[in-house]
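Here's the structure we're looking at; comments come further down.
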Amino acid sequence: MDTALGLTLGITGGALAIGLAGFGSAIGIGLAARASAGVLSEDPEKFGSLLILVALPGTQGFYGFLVGFLILMKLGLVTGKIPALTPFQGAEVFFSALPVALTGLVSGIHQGRVSAAGAGLVAKQPGSFMKAVILSALVETYAVLGLLGSILYLNGIKF
Amino acid sequence: MAVIPLEKIGILGLREEKEEFLQWIQREEEIHLLDLREERDKKEYLKYFQLSSSRRGEIEENLHIIDRALEDISSFKEKGMFAGIIPEKIVIDEEEGKRVVETFAWREVCEEIFKLRKEREEIVRRKEALERRKEKILPFLTLEIPFSDLKPTFSTRFLFLKWKKKDDVIIKEGISALPLTYLELVGKEGNFLYYLLIYHFSEEEKLQELLKNLPVEEFSPPGGDRIPQEELNDLEKQLKEEEEEERKIMEKIEKLLQKERSLKIIYDYFTFLLNKEYAHEETLESKSTFLLIGWVKKEEWKKLEELIKTKFPSFYLTSLPLEEGEEPPVSLKNPIFFKPFEAITRLYSLPRYGEVDPSPFLAPFFAAFFGLCLTDAGYGIIMVILSLFLLKKLSVGKEIIGVLLLGGLSAIFWGTITGGWFAIPMEYLPSFLKKEGLIKFVPLENLMFFFTLALSLGIAHILVGIGIEFFDKLRKGKILEGIGENFSWLVMIPGLILYFMGRGSPKGFLGLKLMSCGFLLSFASVFRHKNPLLGFLIIPGGILWKFKDFVGNVLSYSRLMALGLATGVIGMVVNTIAGITKQIPFLGFPLMGLILVCGHLFNLAINGLGAFVHTARLQFVEFFPYFFEGGGKPFTPLALEGKYTIWKRR
């Protein structure tokens, strides 16, 4: 019973990392893509640069997936060699997934907003494309730190 | 290796030679003209001169015509999704340019393009009208008389009705209850049946009453004075003729597309002329002289002066002093290895005149960080090959490609010493890639080492930034300020690191000593404050504040590790998924190949973008604030610079 609870907690953590960070990215990309579609209706040739701006808030989903995958490996779900986890160990895995899950969720949405504003910037001043990208990437820093935190915590858990 | 020093020059020449002179300096591409129109109101001595006139109007008109023609041409062409993302220019021989200018009848070609576009638009419009008519009569092909022949008689009226097939029986029964009616099926389309209902006028009221309760709709007939089938045949014939006509026009357009190159050349030729006319406007004139003031690179000035003197012996040339508050434009010059990184500097902003050019300093760090964010030699090799290919193919935007090339080389380096080859697990790597001593650390196993490496690179990066500021202050003679605000940190930070590395040991003690030295050195700038005593109180607070910034900045470099790991792990996921698909019978191997190729390319694209963006951010947000302000205006000499072409000179 105890080991089942531990495993369940661990899997929940991985699922939250993938789910919440992906959730943030989906909203972020949605916001940026909507703004870009508006710009494209005026100037279809900007597709290439707008695509990059729209893709930027997508990284959070990957960071979440990455941690989810690491948890999957750690719990032995890929190889089938599932270790016997105490509920505490499961909870440790669960909490170590939270940094990337939460920072991914929030920063994904906000990065999408900045990218959307960036699409407006690119529409008016095509030369400012890289500046729009850098502004958008400033938000991503915190998702990167969340990813780093999750990886470091996960690495520290031994069972 | 820096911002190039410029000379402000004044040239007084004969008006009759002005055109020839401007033409000549446009070819030389050395002089950045100062707009004297604005200066004239400010300076007394310029008031002796008049504003210059130009022939801009006519040239702009020509450019407008060619621009429209080029727009039409591009509307004929099919464009890919990513067209325009990589800017491209046509490189031509100057001879070819001249030949085109002399022989190419651009006006006729433009007229022809406009005519063809108009004709094609008309054909398309006519075709649409025919198609619409065709659609209208298609349901009524069974009707054997023209619609125009259907006219009410003295005692009969008629209605066009349509209803759904499924209601056919009920409606027919309903209507046939009225004896003086006749129904004829005239057409079918989809689910609908079209009927002509003829009735005696005495039935009108009853019929209206009946129809109200039935699911029928009245429709307006397509009309026409011919039998629908005949009309259709005719429409089809006309459509074919129009298509034939369109094909002929498209053939002509196809031929004209070949003229696009010449049109672009002529467009740029007029741009050259236009820029020369702008230059005319930026100079001032008297009755028989003209005055030009501009900027020239100091190193080129002597040579240019000699050239002007021999070519235009009557001209008076002079160097002018900088006026108060005047900022010359900025041009950068760096050795080939650093040159690509000027693009990164420009992305942020050009340095101001007299400021340090950060390009050579950020170059090694940019390359190192970029590579570390990928940490995969396989990806590095792909990037190097791709950049070499693009460098060969592209004529503009080479600087950024150069950055990617060096970044790729750096990724190969980091990949080699970490055993990163397409994220293949260490045990499967060929033995020469994991030779003793080759692999220094494995990212996923030595996380703390990777973390420390990232932060150490960050500390080095920031120390270089502080160092640049220090030397810049020395250069400007602000020695005490430099020692107090910059050099003190160059002592304090290494001291702090030594202290933490060797707490309790002599090394730690040395660190402590260095820290104290640095702290004391900070007070060197105390005399900058109006009241030195107050300075003594402020400085420790300032140190704490700066230290907080420093710690924050250093931690920001941890992204190097996170991005490096992300590339490796996503690569691993791709490999794992590909490994699983291998077990699918028959399709397994091709599917595995497809997943490997697409997956890794995708990973490279998304993480390459991330690596570039985050590395650039580390320069702009963490590195630059220590010494760089930016805000310079670019040095843009009057030159033969076109929108579409590059004219190569012998």
Can you tell me how far the OG1 atom of A:Thr59 sits from the CG atom of B:Asn607, to the nearest 0.5 Å?
9.0 Å
Between the OG1 atom in A:Thr141 and the CG atom in B:Leu555, the distance rounded to the nearest 0.5 Å is 12.5 Å
From B:Phe451 atom CZ to A:Asn155 atom CG, the distance as rounded to the nearest 0.5 Å:
12.0 Å
Going by heavy atoms in the side chains, are B:Tyr348 and A:Lys131 under 4.5 Å from each other?
no
Hey, is CZ on B:Phe76 packed in by over 12 heavy atoms from elsewhere, all under 6.0 Å?
yes
Go through the atoms of B:Ile606 and report whether side chain, backbone, both or neither lie under 4.5 Å from a heavy atom of chain A.
side chain
B:Ser556, B:Ala616, B:Ala566, B:Ala605: which one forms the most heavy-atom pairs within less than 4.5 Å of chain A?
B:Ala566
Report yes if some heavy atom in the side chain of B:Arg617 is under 4.5 Å from a heavy atom in the side chain of A:Glu140; otherwise report no.
no
List the steps, then state whether side chain to side chain contact (heavy atoms under 4.5 Å, CB included) holds for A:Leu66 with B:Val573.
CA-CA 8 Å; A:Leu66 207 147; B:Val573 173; over 6 Å; no
Let me know if A:Phe65 has heavy atoms under 4.5 Å from chain B in its side chain, its backbone, both or neither.
side chain
What part of A:Ile151 is in contact with chain B, defined as an atom under 4.5 angstrom from a non-hydrogen atom: side chain, backbone, both or neither?
both
Any chance you could measure A:Ile134, atom CD1, to B:Phe612, atom CZ, to the nearest 0.5 Å?
7.0 Å
Any chance CZ of A:Phe88 has more than 12 other-residue heavy atoms, nucleotides or ligands included, within less than 6.0 Å?
no
Can you confirm whether more than 12 heavy atoms, excluding those of B:Lys548, are under 6.0 Å from its NZ atom?
yes
Which value, rounded to the nearest 0.5 Å, describes the distance between A:Met73 atom CE and B:Leu444 atom CG?
8.0 Å
In this structure, are over 12 heavy atoms from other groups packed under 6.0 Å from A:Tyr142 atom OH?
no
For A:Leu138, is it the side chain, the backbone, both or neither that has a heavy atom under 4.5 Å from a heavy atom of chain B?
both
Going from CZ on A:Phe62 to CD1 on B:Ile570, what distance comes out if it is rounded to the nearest 0.5 angstrom?
5.5 Å
Which pair of non-hydrogen atoms, one from A:Leu147 and one from B:Ala562, has the smallest distance, and what is that distance?
CD2-O, 4.0 Å
Quick one: are A:Leu148 and B:Met561 in side-chain contact, heavy atoms under 4.5 Å?
yes
